[in-house]
Amino acid sequence: MARYAEFLNNLTRGFAIDMDNPVLLKAQYKAFSKQLPLMYFILLVNSWILTSTHMQSAPRWLVWDYPIGLTLICVIRFVFWFRTRNIEPTIDEARKALRRTNLIAGPIAMSFTIWAIMLFPYGDAYAQSHVAFYMGITVIGCIFCLMHLRPAALTTAAVVNISFVIFFASTGKPTFIATSVNVALVSATMLVILHVYYRDFTSLVDAQVHTEALSNDNLRLANMDSLTMLPNRRKFFTELYAFCLKAHSTGTRFAVGILDLDGFKPVNDLYGHSVGDKLLFAAGQRLQNLCDEETHLARLGGDEFALIITRAMDNDQLLAFGTTLCEALRQPFLIADTTIQIAASMGLVTYPDMAANATDLFEHADYALYQGKRNNRSMVSVFSTSHSNRIHLDANIEQALRKADFEQELEVYFQPIININTEQIVAFEALARWQSPVLGSVSPAQFIPIAERTGIINQQTRILLAKALAAAAKWPDHIRLSFNLSTHDLSSPNIIHQIVKIIDEADFDPRQLDLEITETAVMHDIDQAKWATEQIRQLGCGITLDDFGTGYSSLSQLHALSLSKIKIDRSFVTGIEKNPASLKIVKSLLALSRDMGLDCIIEGVETAEEMAVIREIGGTMVQGYIYSPPIPESAARLWIDHH
Ligand code: C2E
Ligand code: CA
Ligand code: CA
C-alpha cells in the first residue's frame, strides 16, 4: 500500500512543473523552445506520410479534412512559437507557456492517436502495420523532443501507449500484440532514460545557480569593507569612474568629498585596536545615517571615508552638508564603557568645474581636506580656484626646491619673545627665509609643507639649525634660541641623531635652546615622538609645544613628552578683546600651563588692545608684531643692544 502511495506520489510529481524554482523554469523553457519546431516537424511529416498510404482506401474526411485540421492547429502553435522565440520571457511568462504546453500535450496526442486508430480499418495488412509503426515511432520521437518538459512527455507517452496497447491487443492478432509490447517496452525505457536525463538537467541548472550565487557573493565581498560594512575603496573608485562617465554624457554636476577623522590614532594607541575598530564602525554608521540614495558613502581605509554626492547642491549647501557630517562625528561615542571624543575634517570638490576626471576629483578633494586641516580655519573646505592656483604655485615651488642650493639661499630670521613684566628679551624664535633665484622670496608657510612632502625638509633643518646656532652663539648668555622642528624631523631616528650632533658641536649652550614641535608631530607616532624628545631633553634642551590649542589631543598624552613650554596659537589671540570664546580658551590654557608647571608663550600679539587683555589675564611671555616681526640676524643684534 505504502509503495503504491509512493508510486502515485512520484507520478504526480513527475507530472507537475516545479513552480518554485524560477531559474529551472527558465532553463526548461529555453531548452524546450529549441526542440519544439523539430517535434512538430516529425509529427506532421510522419502524419502526412501515413495519410499518403491511405489516400486511396480511407474516406476523404480522414485523409484530408482531419489531418488538415490537425496541421492547422500545429501550424498556429508553431507560428506562435516563431514570433516569441527571440523574446526573453519573464518567469511568469515562462511558467504560463510551460503550463500551456503541459495542458495541450494530452489533447494533441489524443487527437493524433484517435486519427491513426480510425485509419486502421481502411488499409490492407501493410497499411495496418504502417499505422502501428507510425504510432510507435512518432511517440518515441515526441518523447525525445519533450525531454525538458517531463509532465508533457509523460502525458504523451501515457495517452499514446495506453491507447496503442489496448487497441492492438484488442485486434487479437499476435503480430500486433507483439508490436504493442515492443513499443510499450521501448517507451518505458525511454521514460526511464528521460527521468535520469531530467534529474541531471535539474542538478546542472542548480549547480549553475549555486556558482552564480557564489560569484555574486565574492563580488559583494570584494567591494565591501568588512570592518564598517560600507563599500570599500575599490567600489568607491569604480563608482567614481562610472559617475564621471554618466555626468559627462548628461552634463550634470556632482561632488566628491573625503572625510578624515581627527584624533583617531591616539584612540587606537590608548584603548587598543578593538576599540579603534568599534569606533570606526560607529563612525561609519553615523555617517551612513546622514546619507541618502543620492549620497554614496565608502570607507577608503584607515580613518578615511569618501562620499560621492549626486544631488544638485551649490557650494554653500555642500559646506552645510559637510558640516553636518563633521558635527555628527564630534558628538561623543560610547564604546566599551568609555566615552570617546574625536573630530573630523572634510574636503569637497565639484565636477566638472573644479575637476574634470576621477583622478583630479580625488586629488583635489584630498587637497582641500589637507589645506583646510593645515589652516585650521574650519572643518570643511570646498576646493576653489584659489586652491587650483595654489597647486600650480606649489608645483613651481617644488621644482625650485629641488634645484636650490640651501646653504646659499636659506637664511634665518629671528623674532623676539618678550617678558612683558620686565620688557626684556627672553629668546628669539628662528624662522626660515628662502630667497629663491627663480621665484624670489618664498614664505616658509608655503615652502615648508612642500619640503616636508618631498622629504627635502631634513636637509633644510640641518642647515637652518646650524645657521641659527651660529648666530645665537654671539648673543648674551641669558637669551635663548627657539627653533622649529618639523614632524618629519621627529619621526626619523636618523635625523634626530644628526640634530643631536649639530647641537653638540655648536658653540651654544644647549640648555639655552628650545625646540618647537607641533601636536601633529606628536600624534603622528607618540612612541617615536617620546623617544625623540627624550634624546633632545638629555642634551639639556627644552621642548616647546607650538600652535597649542589647535589640535585635538588630550593633555595626558602630551604630558608624557616632558615639555617645558607651550605656545598658544595666534588664532586665539587675534581680536581676543572682542571675542569672548577666544578669551575663555586663552585663559584656560594659561591656567592649564600653570597647573602643569610649564611656561607659556602667547604668540601673534599685534595690537595694544590684545596686549591689554593678555596682561589682564596674567600672560607673561609674548611674541608678535607688536614688538617686532621676524628680522635678519644683524637687526636682531641691534635689537639686543637697544633693549
Ligand atoms: P610658526 O612656527 O607658528 O611661526 C610663527 C609664525 O607667525 C611666523 O611666520 C611669524 O612670522 C608669524 N608671526 C609672528 N608674530 C606674528 C604676528 O603678530 N602677526 C602675524 N600675522 N604673524 C606673526 P613665518 O615666519 O612665515 O613662518 C610660518 C611657519 O613656517 C611657522 O609657523 C613654522 O610652522 C614654519 N617655519 C618657519 N621657519 C621654520 C623652520 O626653520 N623650520 C620649520 N620646520 N618650520 C618653520
Ligand atoms: Ca614656531
Ligand atoms: Ca606657532
Side-chain angles (χ1 to χ4, degrees), residues 409-435 440-448 460 464-485 508-509 512-518 542 544-550 564-577 582 586 589-590 593 599-643:
E409 297 167 26
L410 277 184
E411 199 186 340
V412 186
Y413 270 39
F414 296 94
Q415 187 178 30
I417 300 168
I418 310 287
N419 180 328
I420 57 175
N421 297 329
T422 61
E423 293 284 320
Q424 293 285 308
I425 305 176
V426 183
F428 279 107
E429 177 179 3
L431 292 157
R433 293 294 177 263
W434 178 34
Q435 190 67 34
S441 134
V442 185
S443 147
Q446 273 183 330
F447 77 80
I448 297 268
Q460 290 189 339
L464 289 165
L465 180 59
K467 287 192 176 193
L469 285 168
K474 298 173 201 151
W475 302 338
D477 287 348
H478 68 276
I479 297 182
R480 302 178 67 85
L481 170 69
S482 204
F483 184 85
N484 293 289
L485 285 185
F508 183 79
D509 183 356
Q512 294 295 94
L513 176 64
D514 291 312
L515 290 160
E516 296 192 11
I517 62 173
T518 59
T544 304
L545 187 70
D546 202 356
D547 306 338
F548 189 60
T550 55
S564 49
K565 289 187 188 65
I566 59 175
K567 243 184 190 187
I568 298 179
D569 192 67
R570 190 174 85 221
S571 55
F572 302 111
V573 179
T574 308
I576 191 170
E577 72 280 4
S582 294
V586 175
L589 291 180
L590 271 172
S593 62
D599 287 337
C600 184
I601 300 165
I602 299 173
E603 195 174 28
V605 181
E606 291 184 7
T607 65
E609 290 80 10
E610 288 163 1
M611 193 64 185
V613 176
I614 305 283
R615 268 187 207 287
E616 202 184 295
I617 58 178
T620 47
M621 280 193 276
V622 162
Q623 176 184 357
Y625 289 177
I626 190 162
Y627 287 110
S628 165
I631 45 177
E633 185 191 344
S634 53
R637 287 200 54 78
L638 285 176
W639 236 89
I640 295 170
D641 293 344
H642 292 95
H643 284 80

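Model, not experiment: these values are computed from the prediction.
Looking at heavy atoms from C-beta onward, Ile420 lies in side-chain contact with Tyr627 at the 4.5 angstrom threshold. Under the 4.5 Å side-chain criterion, counting only non-hydrogen atoms from C-beta, Asp547 is in contact with Glu603. With a 4.5 Å cut-off on side-chain heavy atoms, Glu610 and Glu577 count as touching. Asn484 is listed as a side-chain neighbour of Glu429, based on a closest heavy-atom distance under 4.5 Å. In this structure, the side chains of Thr544 and Leu515 stay at 4.5 Å or more apart for every pair of heavy atoms. Under the 4.5 Å side-chain criterion, counting only non-hydrogen atoms from C-beta, Ile640 is in contact with Pro476. When side chains are defined from C-beta on, Phe447 counts as touching Gln460, because their heavy atoms get closer than 4.5 Å.
Taking the six-membered ring where the residue is Trp, Trp475 and Phe428 present tilted rings, their angle falling between 30° and 60°.
In this structure, CG on Leu410 lies 5.0 Å from CG on Leu464, to the nearest 0.5 angstrom. For the atom pair CD1 (Ile568) and CD1 (Ile614), the distance works out to 7.5 Å, reported to the nearest 0.5 Å. Of the inter-residue distances, the one linking Thr574 atom OG1 with Asp569 atom CG reads 8.5 Å to the nearest 0.5 angstrom. The CD1 atom of Ile566 sits 11.0 Å away from the CG atom of Asp546 when rounded to the nearest 0.5 Å. Atom NZ of Lys567 is separated from atom CD1 of Ile417 by 4.5 Å, given to the nearest 0.5 angstrom. Note that the CD1 atom of Ile602 and the CE atom of Met621 stand 9.5 Å from one another [nearest 0.5 Å].
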Val426/Ile479 under side-chain contact (heavy atoms from CB on, under 4.5 Å): CA gap, chis, key distance, verdict: CA-CA 5 Å; Val426 183; Ile479 297 182; over 6 Å; no
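In this structure, Ala468 and Ala430 approach most closely via the heavy-atom pair CB-CB, 3.9 Å. The minimum heavy-atom distance linking Cys600 with Leu590 is given by the pair SG-CD2, 3.8 Å. Residues Ala432 and Pro444 come closest through the heavy atom pair O-CG, 3.4 Å.
With 3.5 Å as the limit, one finds no donor-acceptor pair spanning the side chains of Asp477 and Gln512. Side-chain atoms of Gln415 and Gln623 include a donor-acceptor pair closer than 3.5 Å.
With sequence neighbours left out, Phe483 forms a ring pair (Phe, Tyr, Trp, His ring centres under 6.0 Å) with no residue at all.
Between Glu409 and Lys467, no side-chain nitrogen of the basic residue sits less than 4.0 Å from a carboxylate oxygen of the acidic one, so the salt-bridge criterion is not met.
In terms of modelled atom types and a separation under 3.5 Å, the side chain of Arg433 and the main chain of Pro630 share no donor-acceptor contact.
When the options Asp509, Asp514, Asp599 are evaluated for a salt bridge (charged side-chain N to carboxylate O under 4.0 Å, His left out) with Arg480, the one that passes is Asp514.
Trp639 and Phe414 have their aromatic ring centers separated by at least 6.0 angstrom.
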